[in-house]
Amino acid sequence: MAKFDPLTSSVNTPLPAIARFAPISLAEMDGVKLQDRNDTKYVFGQEQLAAVLERMLDEYRILEVGGVRGTAYRSLYLDTPDLRHYRDHHNSRTLRSKVRFREYVGSGLVYLEVKRKTGRGRTDKVRMLVKSIPDTLSPEQASFVASANGGQEVLVPSLWNHFTRYTFVHKRLPERLTMDLDLRFSGPDGESPLGGIVVAELKQERIDRRSTFARIMRDMGIRPAGMSKYCVGMLMLHRPVKHNAFKPVLRMLERIRQAA
């Protein structure tokens, strides 16, 4: 089923300000892993990005690997045949999870990841290194997912997601920030881009209002906004799923794209 991915992944968004950030290596960033954390998401138009980066310059370092800033990602989301993970998110279940393979394109690193909402407003993520994105879960991988989720369930490929990610680390505070651009979704029913949108995620051990990025967002009138790439991808690919709860997110994305 993983064969239905027709897209290629590459870093293709020119951002002149990116070159002006001080770099941080993967080894240095290990001290800010934050696997158990608070996530705050912001969604804004790509035309605002240059102004945001300019204000971040003195406070953040950017992840650089092999002299390259920005990484192409591709993810394969897995769900039950009746899409329980999608429905749990739509129905705002407090305890829910997502399962995906994620490849850091060009690095040779591929992980099987289980991301869970724990019910305390926190996100817990566990992952295991795998050789490549397979067509189906191996017994070992299925066991890993069952252990993380607390139960066995049949999981099948649901959709692919591609994007370019820039990762920033605050110079003084224990926080990381990711920015995803050039989002695209694909599946056996076609592909759909979500251009012009930046999805930023502030990852903190606990919510810290001293965060420079949170202050920049407040100053620019950009409020925290929930947006699941998996759920939005399902709708962008016109899957026949219930989506009333996601209509505000779709309207927000349309408003941002029209304002560009």
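All values below come from the heavy atoms of this structure, side chains included, with hydrogens, waters and symmetry mates left out. Predicted, not measured: the structure shown is a model, and the values here were computed from it.
- Residues that satisfy the side-chain contact (heavy atoms from CB on, under 4.5 Å) test with Asn244, not counting sequence neighbours, are His90, Lys247.
- By the side-chain hydrogen bond (donor to acceptor under 3.5 Å, both in side chains) test, Thr80 pairs with Asp82, sequence neighbours left out.
- Asp88 places no side-chain N or O within donor-acceptor distance of the main-chain N or O of Arg93, the cut-off being under 3.5 Å.
- For Phe213, the ring pair (Phe, Tyr, Trp, His ring centres under 6.0 Å) partners at least two apart in sequence or on another chain are Tyr42.
- Side-chain contact between Asp180 and Lys229 is present, with at least one heavy-atom pair separated by less than 4.5 Å.
- Note that the CG atom of Leu63 and the CG atom of Leu177 stand 12.0 Å from one another [nearest 0.5 Å].
- Considering only heavy atoms from C-beta on, Leu112 comes within 4.5 Å of Leu137 through its side chain.
- Remark: Ser211 pairs with Glu175 by the side-chain hydrogen bond (donor to acceptor under 3.5 Å, both in side chains) rule, at least two apart or across chains.
- In this structure, the side chain of Arg69 engages the main chain of Phe21 through a donor-acceptor pair within 3.5 Å.
- Residues satisfying the side-chain contact (heavy atoms from CB on, under 4.5 Å) test with Pro193, not counting sequence neighbours, are Arg184.
- Ser158 and Tyr86 share no side-chain donor-acceptor pair at under 3.5 Å.
- His89 and Lys98 form a side-chain donor-acceptor contact under 3.5 Å, judged by distance and modelled atom types alone.
- Residues satisfying the salt bridge (Lys or Arg N to Asp or Glu O under 4.0 Å) criterion with Arg55, sequence neighbours excluded, are Asp219.
- For the atom pair CZ (Arg102) and CZ (Arg127), the distance works out to 9.5 Å, reported to the nearest 0.5 Å.
- Using modelled atom types, one finds a donor on one side chain and an acceptor on the other under 3.5 Å when comparing Glu153 with His85.
- Leu159 has its side chain within reach of Tyr230: a pair of non-hydrogen atoms, C-beta onward, lies under 4.5 Å apart.
- The distance from the CG atom of Leu202 to the CE atom of Met179 is 10.0 Å, given to the nearest 0.5 Å.
- Residues passing the side-chain contact (heavy atoms from CB on, under 4.5 Å) test with Arg255, sequence neighbours excluded: Met252.
- Remark: Arg223 engages no residue in a salt bridge (Lys or Arg N to Asp or Glu O under 4.0 Å) (not counting sequence neighbours).
- Among pairs with a residue in residues 43-69, those fulfilling ring-ring contact (aromatic ring centres under 6.0 Å, His included) read Tyr60-His170, at least two apart in sequence or across chains.
- Remark: Phe101 engages no residue in a ring pair (Phe, Tyr, Trp, His ring centres under 6.0 Å) (not counting sequence neighbours).
- Considering CG of Asp189 and CG of Leu237, their distance stands at 5.0 Å, rounded to 0.5 Å.
- Counting only heavy atoms from C-beta outward, the side chains of Thr212 and Met56 never approach each other to under 4.5 Å.
- With sequence neighbours left out, the salt bridge (Lys or Arg N to Asp or Glu O under 4.0 Å) criterion links Arg61 to Glu28.
- Side chain of Lys242 to main chain of Arg87: no donor-acceptor pair is present (N/O by atom type, distance under 3.5 Å, no hydrogens or angles).
- Residues meeting the side-chain contact (heavy atoms from CB on, under 4.5 Å) test with Ala148, sequence neighbours left out: Val114, Val126.
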